2 protein chains.
Amino acid sequence: MVRVREPLTRTAVLERAIRLIDHEGPGAVTMRRLAAELGVEAMSLYHHVKNKQDILDGMAALLISRMPTLTSADDASWREILHDVCWSYRNLMTAHPNVFAAQGGGRPLISGEDQLAAQRIIEVLERAGFPLEIALDLFQVGSSFTRGFALSDVAYRDSERTVPDEWDSDRAFDRGLTAIMDGFARWLD
Amino acid sequence: MVRVREPLTRTAVLERAIRLIDHEGPGAVTMRRLAAELGVEAMSLYHHVKNKQDILDGMAALLISRMPTLTSADDASWREILHDVCWSYRNLMTAHPNVFAAQGGGRPLISGEDQLAAQRIIEVLERAGFPLEIALDLFQVGSSFTRGFALSDVAYRDSERTVPDEWDSDRAFDRGLTAIMDGFARWLD
DNA sequence: ACCTGAACACCGTTCAAGT
DNA sequence: ACCTGAACACCGTTCAAGT
């Protein structure tokens with residue numbers, strides 16, 4: 001008997017789940033449907049994944065773990081770096097809105113894989129002259145703002161609600177980010 | 001035959017749902033369980049509520065509609081007003097984390113009941129001297145920041161992840177809000 | 001080790017029927 | 001008008017059995 005297909009892996013399950021939720025929405029991600037998509041029975045998934053919640057959390061974790069950690073130039077300022085990271089994160093969330101909405105925005109930003117990335121950003125801020133306490137606040141503020149903004153953004157896009165003509169999310173996001181950095185700059189030595 | 005209990009109302013259903021999700025978590029809010037809680041059969045709920053999603057959305061909408069719109073003094077500055085509104089919203093979200101997590105942070109902030117409140121804040125900002133475009137951006141930034149911050153906050157609280165000692169969410173939130181207001185102040189005439 | 005069939009204890013929702 | 005019983009088409013998950 002030849003093995004007719006590669007054995008499943010956790011990553012393969014999560015990748016398929018992401019593709020499914022992206023294309024068909026949260027309702028399509030059921031154990032049975034996802035398994036069928038992988039050419040397997042529902043119960044097989046439990047060998048690679050703890051349960052359904054694990055899939056929901058795992059999708060976002062996988063995407064975040066694949067985000068390039070430092071796209072900025074080597075000699076980039078803290079402002080450039082923070083700007084780039086927040087925009088990367090925003091773009092990721094708007095590219096996969098259902099993935100991030102699926103866990104209710106409820107997952108800690110720093111968890112496991114991305115903890116290292118967080119640490120690196122905080123170090124950048126400290127090296128730039130921010131006291132540790134302020135650097136932590138700025139990190140927390142920046143990430144919460146970015147996440148909250150992306151979530152609201154998608155919610156408006158999906159709702160039938162008409163929005164003022166002057167409304168422009170990209171512009172508002174950039175102004176918000178700039179305002180935050182301007183505001184925190186006063187803590188620099 | 002005496003009527004033994006008041007007929008149900010949409011509000012009563014939503015209030016009970018809020019109490020249920022607050023005390024027993026999202027898993028407890030099923031049509032059958034909620035109905036039992038109200039001394040009724042599951043199918044009766046459909047006379048007062050469109051479906052389950054309607055309940056999920058309705059809980060948050062009800063809480064928001066009951067938020068006092070202007071707690072600030074009459075002669076309060078735009079900074080005081082924005083500060084108070086954002087803190088009220090933050091406090092509401094942390095008081096009912098499951099309600100707001102249940103809809104994935106995915107509901108537009110301005111919808112129906114709260115649209116008036118939003119309009120009032122934007123007017124405050126315009127009267128203070130912000131051009132309309134900037135006032136809209138500031139509103140969007142402030143509300144997204146507040147929502148995102150509360151969501152992250154609850155996520156950390158619920159996770160077992162240990163967080164740096166210097167981490168203080170209330171302090172960070174207030175600094176973030178101050179930074180945003182400082183940053184936007186440059187657009188004043 | 002990895003996959004499966006059958007089963008369990010649930011879901012949300014529809015519909016025709018009751019009062 | 002409001003409530004219900006029975007039913008439909010699903011769920012996530014466990015478990016013992018297969019290879």
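What you see is a predicted model, and the numbers here were worked out from it, not measured in a lab. Naming convention: chains lettered A, B, ... in sequence-line order (proteins, then strands); numbering from 1 in each chain. Keep in mind that the numbers below use all heavy atoms, side chains included, and drop hydrogens, waters and symmetry copies.
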Which atoms of nucleotides 17-19 of chain D (N or O only) lie under 3.5 Å from a protein N or O atom, and what are those distances?
none

* With no hydrogens and no angle check, is any side-chain donor or acceptor of A:Thr146 less than 3.5 Å from a backbone partner on A:Gly142? -> yes
>> Quick one: does any side-chain atom of A:Ser65 pair with a main-chain N or O of A:Leu62 as donor and acceptor, under 3.5 Å?
In response: yes
Residues passing the side chain to side chain contact (heavy atoms under 4.5 Å, CB included) test with A:Ala12, sequence neighbours excluded, are A:Thr9
Sequence neighbours excluded, the answer for side chain to side chain contact (heavy atoms under 4.5 Å, CB included) partners of B:Ala42 is B:Met31, B:Arg32, B:Ala35
Excluding sequence neighbours, so at least two apart, what forms side chain to side chain donor-acceptor pair (under 3.5 Å) with [X]?
{"X": "B:Asn91", "answer": "none"}
{"X": "B:Ser169", "answer": "A:Gln140, B:Asp153"}
{"X": "A:Glu80", "answer": "A:Ser77"}
{"X": "B:Glu126", "answer": "none"}

Quick note, side-chain hydrogen bond (donor to acceptor under 3.5 Å, both in side chains) partners involving residues 12-28 of chain B, not counting sequence neighbours, are B:Glu15-B:Arg66, B:Asp22-B:His96, B:Glu24-B:Arg33
Applied to residues 39-55 of chain B, the salt bridge (Lys or Arg N to Asp or Glu O under 4.0 Å) test, sequence neighbours excluded, yields B:Arg10-B:Asp54
Between A:Thr30 and A:His47, the residue closer to the 5' end of DNA chain D by nearest nucleotide is A:Thr30
Check the distance between [N]'s [atom2] and [X]'s [atom1] and give it to me in whole angstrom.
{"X": "B:Arg10", "N": "D:dC2", "atom1": "CZ", "atom2": "P", "answer": "15 Å"}
{"X": "A:Asp54", "N": "D:dG12", "atom1": "CG", "atom2": "P", "answer": "14 Å"}
{"X": "B:Arg33", "N": "C:dA9", "atom1": "CZ", "atom2": "P", "answer": "19 Å"}
{"X": "A:His48", "N": "C:dA1", "atom1": "NE2", "atom2": "P", "answer": "12 Å"}

So the stems of DNA chain D, runs of at least three Watson-Crick or G-U pairs (under 3.5 Å), are C:4-8 with D:12-16, C:12-16 with D:4-8
**Message:** For D:dC2 and B:Ser44 - does any side-chain N or O of the residue sit under 4.0 Å from the phosphate oxygens OP1/OP2?
**Reply:** no
Residues passing the ring pair (Phe, Tyr, Trp, His ring centres under 6.0 Å) test with B:Phe173, sequence neighbours excluded, are B:Trp87, B:Phe145, B:Phe149
Below 3.5 Å is the cut-off: list the nitrogen or oxygen pairs between protein and nucleotides 13-15 of chain D, distance only.
residue, atom, partner, partner atom, Å
D:dT13, OP2, A:Tyr46, OH, 2.8
D:dT13, OP2, A:Lys52, N, 3.0
D:dT13, O5', A:Tyr46, OH, 3.2

